[in-house]
Protein chains: 2
Amino acid sequence: MGKFSGPQFHRLLRERGLKSTRQREQIVRVFMESGSHLSVEELYQRVRQKDPRIGYATVYRTLKLMAESGWASSRRFRDRLALFEHQSAGEHHDHLICLLCGKIVEFESERIEELQSRVARRQGFRIFDHKLELYGHCPACIPKEKGGGSEKRGKSEHGKTL
Amino acid sequence: MGKFSGPQFHRLLRERGLKSTRQREQIVRVFMESGSHLSVEELYQRVRQKDPRIGYATVYRTLKLMAESGWASSRRFRDRLALFEHQSAGEHHDHLICLLCGKIVEFESERIEELQSRVARRQGFRIFDHKLELYGHCPACIPKEKGGGSEKRGKSEHGKTL
DNA sequence: TTCAATGCAAATCTTTTGCAATGGG
DNA sequence: CCCATTGCAAAAGATTTGCATTGAA
């Protein structure tokens with residue numbers, strides 16, 4: 001799936017018999033220019049700065065379009081939805097996530113990606129993106145595992161969103 | 001982290017200074033007895049059959065508690081929230097997901113899990129669970145990639161939820 | 001007794017949809 | 001022209017929260 005680009009998006013639309021509109025191009029451009037971990041709200045705001053008449057629904061609809069092509073994917077980090085760009089250089093799609101404090105450490109493992117490709121190939125899938133998340137407790141929180149019930153917690157009843 | 005059990009949950013609560021209530025025990029029991037991929041709604045309904053006065057909020061609050069301990073985790077498959085039990089035998093946490101038709105193929109790779117542990121260890125994390133998803137197009141949908149824009153789609157405007 | 005936990009309903013968020021107006025091919 | 005796309009507002013869901021009450025320790 002090469003690098004994402006305007007013309008390529010245009011081509012994709014044509015191939016699928018969809019129309020290329022000012023809104024779609026604008027949304028895709030802003031999305032691609034932004035770093036990863038962009039929330040829908042943030043994307044909407046940025047797009048709005050360039051074209052104030054674009055609606056929230058259109059952003060969602062366009063995002064879906066991109067997701068179907070593997071150019072955007074969504075995930076929840078703690079309690080907010082974040083988007084990230086597909087395949088762009090330097091992107092990390094792998095995370096170690098602490099279930100207690102929410103800390104996120106990014107990592108990358110070429111070996112793992114190799115194995116992933118192998119699995120996909122064996123199943124006949126054409127893979128565009130992947131998501132790998134390891135959940136547990138970070139070094140700082142491990143001590144809190146036992147007997148840590150008395151310290152004050154934030155305003156929310158529990159530290160982490162389901 | 002071993003297998004999840006009632007007494008163990010009770011111990012966890014005590015360790016964190018939390019109370020062991022009839023509701024919490026009921027919810028945890030039903031959750032553990034059910035297979036994986038249980039939605040919050042389904043869990044609520046099942047718990048309700050045993051104890052009709054339990055509220056939805058309590059189910060959410062208890063799930064959060066379990067999530068913090070790595071005993072439950074949530075994920076979205078297409079458009080619905082699904083929960084799954086931690087570490088139970090035969091569970092697959094790895095998926096190949098087709099972005100066009102939504103097909104999901106489960107797989108397991110011991111080699112990948114080994115590498116995951118290695119990464120976690122290196123960072124000092126204690127891992128309870130993981131989630132690996134590969135996104136792309138399945139064998140059946142690859143032909144649809146080009147010129148497939150004219151076939152009828154379901155009632156939703158796009159085939160897949162963001 | 002004390003304060004965490006619960007139940008309920010209301011409040012928040014997030015995402016989707018119905019529909020008339022608009023505009024791309 | 002024709003019908004996909006858009007904007008808006010309303011609808012639908014999903015999750016959280018305020019608060020009086022209940023109940024575990």
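Just so we're on the same page: letters track the sequence lines, and every chain starts at 1.
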Polar side-chain contact A/Arg14-C/dG25 base: donor and acceptor under 3.5 Å: no
Choose from [options] the nucleotide whose nearest atom is closest to any side-chain atom of [X].
X	options	answer
A/Ile54	C/dG7, D/dG7, C/dT16	D/dG7
B/Lys19	C/dC3, D/dT15, D/dC8	C/dC3
A/Thr21	D/dT17, C/dT6, D/dT6	D/dT6
A/Tyr60	D/dG23, D/dC8, C/dT15	C/dT15

Closer than 4.0 Å, any side-chain N/O of [X] to the OP1 or OP2 of [N]?
X	N	value
B/Thr58	C/dA5	no
B/Arg24	C/dA5	yes
A/Lys64	C/dT15	no

Measure the spacing between CD of A/Glu113 and CD1 of B/Ile112 and express it to the nearest 0.5 Å. 10.0 Å
Can you tell me how far apart NZ (B/Lys131) and CG (B/Asp94) are? Round to the nearest 0.5 Å. 12.0 Å
B/Ser20 and side-chain hydrogen bond (donor to acceptor under 3.5 Å, both in side chains): which partner among B/His10, B/Arg11, B/Arg14? B/His10
Heavy-atom nearest nucleotide on DNA chain C for A/Gln23 versus B/Tyr44: which residue maps closer to 5'? B/Tyr44
What bend angle does the helix from C/dT1-D/dA25 to C/dG25-D/dC1 show across its length, from five-pair end axes and to the nearest 10 degrees? 40°
Return the value, rounded to whole Å, for the distance between atom [atom1] of [X] and atom [atom2] of [N].
X	N	atom1	atom2	value
B/Arg53	D/dG23	CZ	C1'	12 Å
B/Arg61	D/dT22	CZ	P	16 Å
A/Leu65	D/dA4	CG	P	14 Å

Does a donor on one side chain and an acceptor on the other come within less than 3.5 Å for B/Glu41 and B/Gln45? yes
Parallel, tilted or perpendicular, as decided by the 30° and 60° cut-offs, for the rings of B/Tyr56 and B/Tyr44: parallel
Determine yes or no for a side-chain-to-main-chain donor-acceptor pair under 3.5 angstrom, with A/Arg111 supplying the side chain and B/Arg111 the backbone. no
Do the side chains of B/Glu68 and B/Arg16 get close enough for a salt bridge, i.e. N-O under 4.0 angstrom? yes
On DNA chain D, check which nucleotide each of B/Arg22 and B/Tyr56 is closest to and give me the residue with the more 5' one. B/Tyr56
